[in-house]
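Data first, discussion second: the structure below is written as structure tokens.
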Amino acid sequence: MENDIHRKAEARKIVIFDTTLRDGEQSPGASMNIPEKLEVARALVDLGVDVIEAGFPVISPGDFQSVEEVSKVVDGASVCGLARCVSGDIDAAGAALAKARQPRIHVFIATSPIHRQYKLKMSKEQVIERAVAGVKRARGFCDDVEFSPEDGSRTEIDYLCQVVEAVIAAGAKTVNIPDTVGYDTPQESFDRIAALINRVPNIDQAILSVHCHNDLGMAVANALAAVAAGAGQIECTINGLGERAGNSALEEVVMAMRTRSDIYHVDTKINSRKLVPTSRLVSRITGLRVPRNKAIVGRNAFAHEAGIHQDGILKERTTYEIMSPESVGFTKNDLVLGKHSGRAALADRLKHLGIELQTEKLDIVFAEFKKLADRKKCIYDSDIVALVSQFSRETSVDGDAADTKWRFVSYSMRCGQDSPSIRLTLSRCGAEAAVELSGDDLVGGPVNMAFEAVKTITCLPIHLKEFKLEAVSDGEDAQADIDVIIEKGDPETKEVREFPGRGVSFDVVEGAIRAVLDAINRDAPAKGAC
Ligand code: KIV
Ligand code: ZN
């Protein structure tokens, strides 16, 4: 015990830079609207992250506004805006961060030979010049400036040392080395950080950081190797979201450093009990499901199936558990509420799950909860999360687009071998629309029929690419949780985009219709389109 206290007193603090709202949002299908981003930002502050990268302000008016709004609400963490080393980008980031209590501008330019030659068509000297000018311009807006040499892991080490020295001299307080394409190995990550620490003369004037992508499944290992070599900041995302295969998962790097503090001798400000609620919140908002076997936050992360393991756990928990489920925010008793539970009990349970609803929303969710409790004896945490997710998906106000979203009203169907038919009613812009299909119009099973009916009513060029069904909880009365991916073509540009959707219902067909509508609604036009 004394040793533990001693170790804690010595533990180096690692800065946790969360980029769920920027790189995480670059995950295909993970886009969030502003109210959703604010909800995630508040949860990140509660979780204890040091820096929240809220967006790339110059990239779109929506990104600018989200950085601006996040800046207004966040207290207790730095808010960061991304910018290329280009005046317009930096000025946009500076303006979007004007109201932030602790603003940070993150400027980047690619430094690797491939990027210099093919993308930038610039010499080594020109890149350094641009990097230095970018850092100096950003320092005109705030003291806290971070610089990233994009594709840093594929940059010649001698040149990388020169770049890092120059940007620190220009005023960068954090220098982040991105493994942009996820090509690194842990040994290389360690060696690069060690080389920078040993060879850059002014390195003590900045914090070294890493930003690892997961293309080879090594993002977390690479980030930890960098920490072992002396890096002081990790860039990461909730659930490992991010461009392509994603970034280092925040929950994994944090728990690895904490559980193996005997190896890393570091710690963070993260309140680990908020990891599961934050993971669920991000999954609910982005519609991107957390795999059951995902480390730390997956539903099975602490589920012991083998008899020998169960026996061991009952005798002494540490035989098969290196962390307790409670330490990351799982609760022991998953069976929580029933038909007799009141509004206060539901509010308390929601709070415990990291979900805070204003009175008006709580009233609606409570009414839905009562309907559910009438049909289902045992209401599990997973049922409650599914209920709130469905509610947020179907009522979220995305700027002006709310009224242009398609809503499910009712359906009836006859399926089986003979004369299949379906009648579906949806609503949009305050008006109902119905369709009836039968006989030759219909092929395949009930889900196929429902999809055809949605396509007919909405007149959208959509294609159902993926369909997945999972039970929300155990038991025969479990609800169906359906994930879909639809492809939608743009008739003018011919570009095909993918949208994920999710729907929950006791009725598989209704759940499928709701999931398809959720996917369609992610691309809902502005209200004026009604
Ligand atoms: O992956 C990357 O290189 C980035 C930088 C902008 C940090 O996301
Ligand atoms: Zn990235």
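Both ligands and their constituent atoms are indexed starting at 1 by order of listing. Only a predicted model underlies this, so the values are computations on that prediction, with no experimental measurement involved.
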* Output the list of atoms in ligand 1 that are nearer than 4.0 Å to some heavy atom of His213, sorted by atom number. => 1 (O)
* Between CG on residue Leu288 and CG on residue Asn239, distance to nearest 0.5 Å -> 8.5 Å
* To do: Please round to the nearest 0.5 Å and tell me the distance separating atom CD of Glu53 and atom CG of Asn176.
  => 8.5 Å
* Hey, does Gln26 sit under 4.0 Å from ligand 1 if you only count heavy atoms? -> no
* Geometric cation-pi criterion, Arg116 with Tyr159: 6.0 Å, 45° -> yes
* To do: Check whether the side chains of Gln187 and Asp191 place a donor and an acceptor atom closer than 3.5 Å, and report yes or no.
  => yes
* So, Glu235 and the Zn ion (ligand 2): N/O/S under 2.8 Å, yes or no? -> no
* **Least distance between heavy atoms, Cys80 atom then Val51 atom** => CB-CG1, 3.9 Å
* Grab the two heavy atoms, one from Arg192 and one from Ser153, that are nearest each other, plus how far apart they are. => NH2-O, 3.2 Å
* What about the rings of Phe330 and Phe302, do their centers lie closer together than 6.0 Å? -> yes
* Asked: Any nitrogen or oxygen of His211, main chain or side chain, under 3.5 Å from a nitrogen or oxygen of ligand 1?
  -> yes
* **Enumerated ligand 1 atoms positioned under 4.0 Å from heavy atoms of Asp23** => 8 (O)
* Minimum non-hydrogen distance to atom 3 (O) of ligand 1, winning option of Asp179, Ile177, Thr180, Asp151 -> Thr180
* Please confirm whether Glu150 comes within less than 3.5 Å of ligand 1 when only nitrogen or oxygen atoms on both sides are compared. => no
* Asked: Should Arg22 be counted as touching ligand 1, given the test is an N or O pair under 3.5 Å?
  -> yes
* Give the name of the N/O/S atom in Asp23 that lies closest to the Zn ion (ligand 2). => OD2
